[in-house]
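All of these numbers come straight from a predicted model, not from anything done at the bench.
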Amino acid sequence: MTELPGDFVQQLQAVLGADLHSDTASLQAQAGDNSWREQLPALVACPRSLEQVQAIVRLCHAWRVPLVPRGAGTGTTGAAVPSPGSVALVMTRMDRILDIRPADRCAVVQPGVLNGSLQQALRPHGLFWAPDPSSFESCSIGGNLATNAGGPRAVRYGTTRDNVLGLKAIDGRGELIVCGGPWTKDATGYDLTHLLVGSEGTLAVIVEATLKLHPLPAARAGLRAFYRDAEAAAAAVARIMAQPVVPTVCEFLDARSLQLLRGNGAAVPEAGAMLLLDVEGDEDSLPTLLGAVGSACEGEGLLEMDVATDGVARERLWAARRALSPALKTIAPGKINEDVVVPVSQMPALVAGVQALSARFALPIVTFGHAGNGNLHVNILYHPDDAGQNARAQAALPEVFALVLALDGTLSGEHGIGLAKRDFMPAAFNPATLALMRAIKHAFDPAGILNPGKLLPPG
């Protein structure tokens, strides 16, 4: 492990006291994320205030020590994995909800607040924050901001970037950046707020966020539609998204997903694909809204459709979707989960192409996800202790990305780039665009200390 200069460590100790850790257990606890990558940091810093973060960044800038911001570690791309010889900046102790402003439909929070904790605090006010990644109970708001997290509700409410009004952040020199605020309309200068969201801690360390809130819906209904094949389901998604009533959720499951669910006891009929939808409204308007979405589901290839308006029935509809990710472990313990995006019209080609890759590499690949956004999760399943399967899984991954880009898609919809997709960025962007991204990185972080090696490939 890289040794850091003694004077630097002493100065950092003076800032943090007992919140600076170098013991093995602390280093190991911050070594990885929800991917297979791991790297021990040299030190773990757990600030409790904006001022401490600012002092830490200034020290790292002066001594040219890498600094890797971390939240709850639920990311899947290695974006929060420490660099060799780095300080892991763990933001989980900055976990206060500073203000809830129902009249302005916004909340001001520190980055260590958990998504699920925020939702609970907002419920008595009749409000919620829209981003709902599958790890919402354990992921932090700071992590949601860093990766521009999404979730099923993004089809109606957008991703994290669409639900942030303002930020306070510390750049790579230790300077405080204040952008945006508790307003929903702004034509003042460059939009630094939305530039920082999704930047994976490479530009600045977010220390406070003003979040856009929505009123809780008065009524909801669920709908489940089964189709002959992926083409028919994708055509239905196009019809659904073309009519005026936007569903809150529009999820797609391929034939292999449905087969897996049936194997695990779920009451799912034989079909080539399934759409799972939610519709929101009030008690009077909900039947009309549900009817509009249901009518759009009808068409060539529809096999059957179920509607549920009460809470228990809706819960049954969603049980299959929630059971899917855990069920993947029954196929193989290893999983490469990529959150690619293609135009909705290209979803059948993506599903067909992925299944061709599955046959070619002799590995199961399961595809499901957020159809209304064209954001599908491609899950390559393998046994990590089988050298052949491991090698084939790693060889299949670039083929998935090549397929997505050929279909006019992009590398990530909600997980981010991190280390997992960094080397594929030159295939997704031309040299001039990558050069501009590097210039932006240098402007925010001239010494290159903030989360080095992530998001952008060397160049």
Begin with the C-alpha distance, continue with both residues' side-chain angles, and end with the deciding distance and a verdict on side-chain contact (heavy atoms from CB on, under 4.5 Å) for Leu411 and Met425. CA-CA 8 Å; Leu411 301 176; Met425 290 285 277; 4.2 Å; yes
Only one of Val268, Leu376, Leu324 passes side chain to side chain contact (heavy atoms under 4.5 Å, CB included) with Leu253; say which it is. Leu324
Rounded at 0.5 Å granularity, tell me how far CG in Leu167 sits from CG in Leu145. 6.0 Å
Thr76 and Asn337: side-chain donor and acceptor closer than 3.5 Å? no
What is the minimum heavy-atom distance between His194 and Val164, and which atoms define it? NE2-O, 3.3 Å
Measure the spacing between CD of Glu137 and CD of Gln119 and express it to the nearest 0.5 Å. 11.0 Å
Within a strict 4.5 Å, meaning less than it, do heavy atoms of the Gln394 and Tyr382 side chains meet? yes
Can you tell whether the side chains of Asp19 and Arg93 come within less than 4.0 Å, N to carboxylate O? yes
If you look only at pairs with a residue in residues 236-288, which of them pass as a ring pair (Phe, Tyr, Trp, His ring centres under 6.0 Å), with sequence neighbours excluded? none
Counting distance only, does the side-chain N/O of Glu38 pair as donor-acceptor with the main-chain N or O of Gln30 below 3.5 Å? no
Quick one: ring pair (Phe, Tyr, Trp, His ring centres under 6.0 Å) pairs with a partner in residues 90-144, sequence neighbours left out? Phe128-Tyr157, Phe128-His214
List for me each residue that meets side chain to side chain donor-acceptor pair (under 3.5 Å) alongside Arg256, sequence neighbours excluded, and say none if there are none. Ser358
Close side-chain approach of Pro131 to Asn163, heavy-atom, < 4.5 Å: yes
Looking only at non-hydrogen atoms, find the nearest pair between Leu203 and Phe444 and report the distance. O-CB, 3.3 Å
Donor-acceptor contact present, side-chain Lys454 to main-chain Ala79, <3.5 Å: yes
Gap between atom OG1 of Thr160 and atom CG of Leu211 - 0.5 Å precision: 9.0 Å
Quick check: do Asp171 and Asp445 have side-chain heavy atoms less than 4.5 Å from each other? no
Please list, chain by chain and in numerical order, all residues satisfying side chain to side chain donor-acceptor pair (under 3.5 Å) with Ser285, sequence neighbours excluded. Asp282
Distance, nearest 0.5 Å, that separates CD1 of Ile170 from CD of Glu208: 10.5 Å
If we only count heavy atoms from C-beta on, is the Glu414 to Thr147 side-chain gap below 4.5 Å? no
Show the nearest heavy-atom pair for residues Thr330 and Ala327, with the distance to one decimal. OG1-O, 2.6 Å
Using a cut-off of 6.0 Å, state whether more than 12 heavy atoms not belonging to Asp408 lie near its atom CG. no
Does some side-chain heavy atom of Thr288 sit less than 4.5 Å from a side-chain heavy atom of Leu290? no
Could you tell me whether the side chain of Tyr227 and the main chain of Cys297 form a donor-acceptor pair under 3.5 Å? yes
Within the structure provided, determine whether Glu338 and His415 are in side-chain contact (heavy-atom separation under 4.5 Å). no
Step through the shown structure and confirm whether more than 12 heavy atoms of other residues, nucleotides or ligands are within 6.0 Å of CD on Glu304. yes
Which heavy-atom pair separates Leu455 from Ile417 by the least distance, and what is that distance? O-CG2, 3.6 Å
Might you point out which heavy atoms bring Ala420 and Arg37 nearest each other, and give the distance in Å? CA-NH2, 3.3 Å
Measuring only between side-chain heavy atoms, which start at C-beta, is Leu450 closer than 4.5 Å to Val205? yes
Mind running side-chain contact (heavy atoms from CB on, under 4.5 Å) on Phe226 and Leu275 for me, showing each step along the way? CA-CA 7 Å; Phe226 295 91; Leu275 296 181; over 6 Å; no
Arg123 atom CZ, neighbour heavy-atom count above 12 within 6.0 Å: no
Does Gln39 reach the main-chain N or O of Ser83 with its side chain, forming a donor-acceptor pair under 3.5 Å? no
Test: Arg262 and Glu270 ion pair at under 4.0 Å: yes
I'd like to know if Glu399 pairs up with Arg360 as an ion pair, taking the criterion as any Lys NZ or Arg NE/NH1/NH2 lying under 4.0 Å from an Asp or Glu carboxylate oxygen. yes
Side-chain donor-acceptor pair present, Asn430, Thr433, cut-off under 3.5 Å: yes
Please check this pair: side chain of Arg70 against backbone of Ala31, looking for a donor-acceptor N/O pair closer than 3.5 Å. no
Within residues 340-374 or reaching into it, pairs that qualify as ring pair (Phe, Tyr, Trp, His ring centres under 6.0 Å) - sequence neighbours excluded: His370-His377
Considering all heavy atoms of both residues, which atom of Val155 and which atom of Val246 are nearest to each other, and what is their separation? O-CG1, 3.8 Å
When the side chains of residues 97-111 are checked against the rest of the protein, which donor-acceptor pairs come out under 3.5 Å, sequence neighbours left out?
residue: Arg101; atom: NE; partner: Asp104; partner atom: OD2; Å: 3.0
residue: Arg101; atom: NH2; partner: Asp104; partner atom: OD2; Å: 2.8
residue: Gln110; atom: OE1; partner: Asp95; partner atom: N; Å: 3.2
residue: Gln110; atom: OE1; partner: Arg96; partner atom: N; Å: 3.0

Quick one: does any side-chain atom of Ser140 pair with a main-chain N or O of Gly143 as donor and acceptor, under 3.5 Å? yes
Under the 3.5 angstrom rule, does the side chain of Asp186 hit a backbone N or O of Gly180 as a donor-acceptor pair? no
Working to the nearest 0.5 Å, report the span between CG of Asp162 and OG1 of Thr159. 4.5 Å
Could you go through the side-chain contact (heavy atoms from CB on, under 4.5 Å) check for Val366 and Leu381 one step at a time? CA-CA 8 Å; Val366 179; Leu381 306 175; 3.9 Å; yes
Do Thr367 and Asn379 pass the side-chain contact (heavy atoms from CB on, under 4.5 Å) test, and can you show the C-alpha distance, the side-chain angles, and the key distance before you say yes or no? CA-CA 6 Å; Thr367 306; Asn379 297 268; over 6 Å; no
Any carboxylate oxygen within less than 4.0 angstrom of a Lys/Arg side-chain nitrogen, looking at Lys421 and Asp339? yes
Straight-line distance of Met91 CE to Arg48 CZ, nearest 0.5 Å: 12.5 Å
Sidechain-backbone polar pair: Lys441 side chain, Thr202 backbone, donor-acceptor under 3.5 Å: yes
Give a yes or no on whether the backbone of Asn375 and the side-chain of Asn373 come within a donor-acceptor separation of less than 3.5 Å. no
Can you check whether Pro133 reaches Asn144 side chain to side chain, under 4.5 Å on heavy atoms? yes
Short side-chain to backbone donor-acceptor contact, Asn390 and Pro384, under 3.5 Å: yes
